[in-house]
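Because only heavy atoms are used, hydrogens play no part in the values below, and waters and symmetry mates are left out as well, while side chains stay in.
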Amino acid sequence: ERQLPGRDVVFLLDGSDGTRTGFPAMRDFVQRVVETLSVDNNKDRVSVVQYSRDPTVQFYLNTYATKGEILDTIRGLRHKGGRPLNTGAALQYLRDNVFTASAGSRRVEGVPQVLILLSGGRSFDNVDTPASTLKQKGVFVIGIGTRNSDSRELQKISYDPSYALSVSEFTDLPSVQEQLSSVMSTVLVRATPMTPTVTVERQLPGRDVVFLLDGSDGTRTGFPAMRDFVQRVV
């Protein structure tokens with residue numbers, strides 16, 4: 001089994017006026033997720049950005065090298081405040097300034113890029129283009145929203161609509177932590193080049209896997225290789 005490359009994980013937190021009461025719960029949730037990452041051996045890197053009208057980087061992917069430093073900084077995060085909520089502008093900012101080599105991103109080395117968005121409302125600006133350019137850059141976006149969020153918008157932002165998670169209030173975030181871990185494991189598998197053995201860090205809840213094989217005339221000579229590949233995956 002091969003060693004997985006780790007992940008570059010960026011948290012984008014809604015720090016607008018509407019999330020003032022929910023912010024401590026968001027902060028706690030980020031802490032709990034970071035606790036599960038492998039930071040100290042430089043497998044996983046973490047960045048936190050807070051936004052409302054415009055984004056503010058709390059720290060970049062290459063700011064801290066230890067989990068302790070990251071957790072201390074997260075504990076000390078203050079709610080930013082401000083309005084309106086410009087999620088589109090924040091996503092664009094991340095693409096241009098955070099998911100970059102100079103800011104510590106290891107995308108060009110093949111390390112999976114993960115963005116976890118915590119949003120408490122509908123975006124004031126348009127999210128379509130910034131969301132699709134992030135996806136084109138290979139960033140796995142996981143959108144987590146509350147009942148005040150626009151679920152369609154979150155699905156559009158997320159790498160896959162199934163990556164969009166929802167809670168009624170930020171205080172209910174612990175209820176989606178298991179789902180988030182599961183999605184992040186999927187990200188590792190998706191981002192790992194296909195080899196006969198796919199290593200997953202934690203036990204997944206199981207999968208229903210369907211193989212659709214092209215059995216047309218044109219694949220007669222290639223069919224044994226397809227069959228062997230399916231065997232290796234199974």
Side-chain angles (χ1 to χ4, degrees), residues 1-14 25-49 58-62 64 66-67 70-71 74 90-91 94-95 98-99 103-107 109-119 131 134-146 149 151 154-167 170 172-195 197-209:
E1 293 191 337
R2 36 185 244 102
Q3 200 50 27
L4 284 167
R7 287 158 294 196
D8 291 338
V9 182
V10 177
F11 293 90
L12 179 60
L13 310 181
D14 174 351
M26 290 163 77
R27 198 173 49 205
D28 291 348
F29 180 72
V30 173
Q31 272 183 248
R32 282 196 303 275
V33 176
V34 170
E35 292 277 11
T36 68
L37 302 177
S38 305
V39 177
D40 292 330
N41 56 7
N42 198 32
K43 275 182 71 176
D44 296 326
R45 291 184 181 180
V46 179
S47 165
V48 174
V49 179
Q58 309 288 335
F59 55 92
Y60 291 96
L61 288 164
N62 55 3
Y64 301 121
T66 70
K67 189 183 285 189
I70 291 170
L71 291 172
I74 292 168
L91 294 172
L94 292 182
R95 191 185 84 91
V98 178
F99 287 107
S105 164
R106 298 167 291 171
R107 182 176 74 94
E109 298 162 43
V111 174
Q113 306 292 290
V114 181
L115 170 61
I116 298 170
L117 165 67
L118 292 176
S119 166
L134 263 184
K135 288 178 203 171
Q136 283 160 14
K137 201 167 183 175
V139 178
F140 294 92
V141 187
I142 302 163
I144 305 176
T146 64
S149 308
S151 58
L154 274 177
Q155 287 176 354
K156 200 181 290 179
I157 292 169
S158 296
Y159 185 82
D160 184 279
S162 66
Y163 287 12
L165 309 175
S166 60
V167 290
F170 284 123
D172 298 324
L173 280 168
S175 66
V176 294
Q177 186 153 3
E178 195 62 30
Q179 277 174 281
L180 178 64
S181 299
S182 185
V183 169
M184 285 178 76
S185 297
T186 313
V187 164
L188 273 176
V189 175
R190 279 197 172 187
T192 305
M194 185 52 81
T195 53
T197 324
V198 174
T199 317
V200 180
E201 281 182 334
R202 37 175 252 99
Q203 202 50 40
L204 283 166
R207 286 163 293 197
D208 295 334
V209 182

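With hydrogens and angles ignored, the 3.5 Å screen pairs no side-chain donor or acceptor of Lys135 with any backbone N or O of Val141. Side-chain N or O atoms of Lys137 include one that pairs as donor or acceptor with a backbone N or O of Phe99 at under 3.5 Å. Remark: side-chain polar atoms of Ser185 are paired, donor with acceptor, to backbone N or O of Ser181 under 3.5 angstrom. Ser158 places a side-chain N or O within 3.5 Å of a backbone atom of Gly143 that can act as its donor or acceptor partner. Formation of a donor-acceptor pair under 3.5 Å by the Ser175 side chain with backbone atoms of Asp172 is found in this model.
The OH atom of Tyr64 sits 11.5 Å away from the CG atom of Leu71 when rounded to the nearest 0.5 Å. With values rounded to the nearest 0.5 angstrom, Arg106 atom CZ is found 10.5 Å from Lys43 atom NZ. The CG atom of Leu61 lies 12.5 Å from the CZ atom of Arg107; values are rounded to the nearest 0.5 Å. Within the model, atoms CG of Leu115 and CD1 of Ile142 stand 8.5 Å from one another, a figure rounded to the nearest 0.5 Å. Remark: Glu35 CD to Ile70 CD1 distance equals 11.0 Å, nearest 0.5 Å. To the nearest 0.5 Å, atom CZ of residue Arg95 and atom OG of residue Ser105 are 12.5 Å apart.
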Worksheet entry | Stepwise side-chain contact (heavy atoms from CB on, under 4.5 Å) test for Leu117 and Phe11 | CA-CA 6 Å; Leu117 165 67; Phe11 293 90; over 6 Å; no

Practice prompt. Would you check, one step at a time, whether the test side-chain contact (heavy atoms from CB on, under 4.5 Å) holds for Val114 with Val139?
Written response: CA-CA 6 Å; Val114 181; Val139 178; over 6 Å; no

Discussion item. Please determine whether side-chain contact (heavy atoms from CB on, under 4.5 Å) holds for the pair Thr36 and Gln177, giving the CA-CA distance in whole Å, both sets of side-chain angles, and the decisive distance to 0.1 Å.
Written reply: CA-CA 11 Å; Thr36 68; Gln177 186 153 3; 4.3 Å; yes

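Put simply, the side chain of Asp28 reaches to within 4.5 Å of the side chain of Gln31, judged on heavy atoms. Side-chain atoms of Val49 and Gln58, non-hydrogen and from C-beta on, never get closer than 4.5 Å to each other. Between Met184 and Val9, the closest side-chain pair of non-hydrogen atoms falls below 4.5 Å. Using a 4.5 Å heavy-atom threshold, the side chains of Val39 and Val46 count as touching. Residues Val48 and Val10 form no side-chain contact, since every pair of their non-hydrogen atoms from C-beta on lies 4.5 Å or further apart. At least one side-chain heavy atom of Ile116 sits less than 4.5 Å from a side-chain heavy atom of Leu180. Counting heavy atoms from C-beta outward, Lys67 and Val34 have side chains that approach closer than 4.5 Å.
Nearest approach of Gly6 to Pro112, heavy atoms of both residues: O-CD, 3.1 Å. Across every non-hydrogen atom of Ala131 and Lys156, the tightest pair is CB-O, 4.1 Å.
With ring centers used as reference points, Phe29 lies 6.0 Å or more from Phe170.
Among the candidates Asp14, Thr146, Leu173, the single residue satisfying the side-chain contact (heavy atoms from CB on, under 4.5 Å) test with Leu118 is Leu173. With respect to Ser149, the side-chain contact (heavy atoms from CB on, under 4.5 Å) criterion is satisfied by exactly one of Leu154, Val167, Ile144: Leu154.
Comment: Asp44 engages Arg7 in a salt bridge, judged by a side-chain N to carboxylate O separation of less than 4.0 angstrom.
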